[in-house]
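Computed from a predicted structure; not experimentally measured.
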Amino acid sequence: RAASVRPAPGREAAEYLGKEAHAPMTMWLRYDSLTRTIVATDAIQYQGQRYQILAPPVEVGRREGIELIVSAIARPAG
């Protein structure tokens with residue numbers, strides 16, 4: 001599934017930086033039957049990396065997309 005990913009804006013980044021090992025990012029996904037079921041307790045797999053959802057998903061426009069604030073989940077050492 002295609003996604004648009006960018007660093008989170010200043011306020012969101014500052015709010016979460018103290019809590020997370022990785023800087024948060026904003027991820028935008030096209031709205032469809034699968035993305036509408038995403039909840040904050042889910043994790044996202046994108047380009048081989050797993051991401052934790054830091055805030056409830058936000059619907060963009062009238063079912064145009066879903067915006068997520070995410071942070072990379074650290075990979076186990078080894």
### Step-by-step side chain to side chain contact (heavy atoms under 4.5 Å, CB included) determination, L34 to L29
CA-CA 10 Å; L34 180 60; L29 304 166; over 6 Å; no
Within this structure, what is the [atom1]-[atom2] distance for the pair [X] and [Y], rounded to the nearest 0.5 Å?
| X | Y | atom1 | atom2 | result |
| --- | --- | --- | --- | --- |
| I44 | R50 | CD1 | CZ | 9.0 Å |
| L68 | T26 | CG | OG1 | 9.0 Å |
| M27 | M25 | CE | CE | 5.0 Å |

### Summary
Looking only at heavy atoms, the pair that brings P57 and A40 closest together is CD-N, 3.9 Å
### For I73 against A43, the heavy-atom pair lying closest together
CD1-CB, 4.4 Å
### Query
For the side chain of S71 and the backbone of Q52, is there at least one donor-acceptor N/O pair under 3.5 Å apart?
no
### Query
Heavy atoms, side chains only, cut-off 4.5 Å: are I53 and T41 in contact?
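Not in contact.
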### Message
Which residues pass the side chain to side chain donor-acceptor pair (under 3.5 Å) test with E59, not counting sequence neighbours?
### Response
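So E59 forms no side chain to side chain donor-acceptor pair (under 3.5 Å) with any residue.
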### Residue from T35, V60, V58 passing side chain to side chain contact (heavy atoms under 4.5 Å, CB included) with W28
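Filter result, single survivor: V60.
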#### Entry: L54 and V70: CA distance, side-chain angles, deciding distance, side chain to side chain contact (heavy atoms under 4.5 Å, CB included) verdict
CA-CA 5 Å; L54 302 176; V70 300; 5.7 Å; no
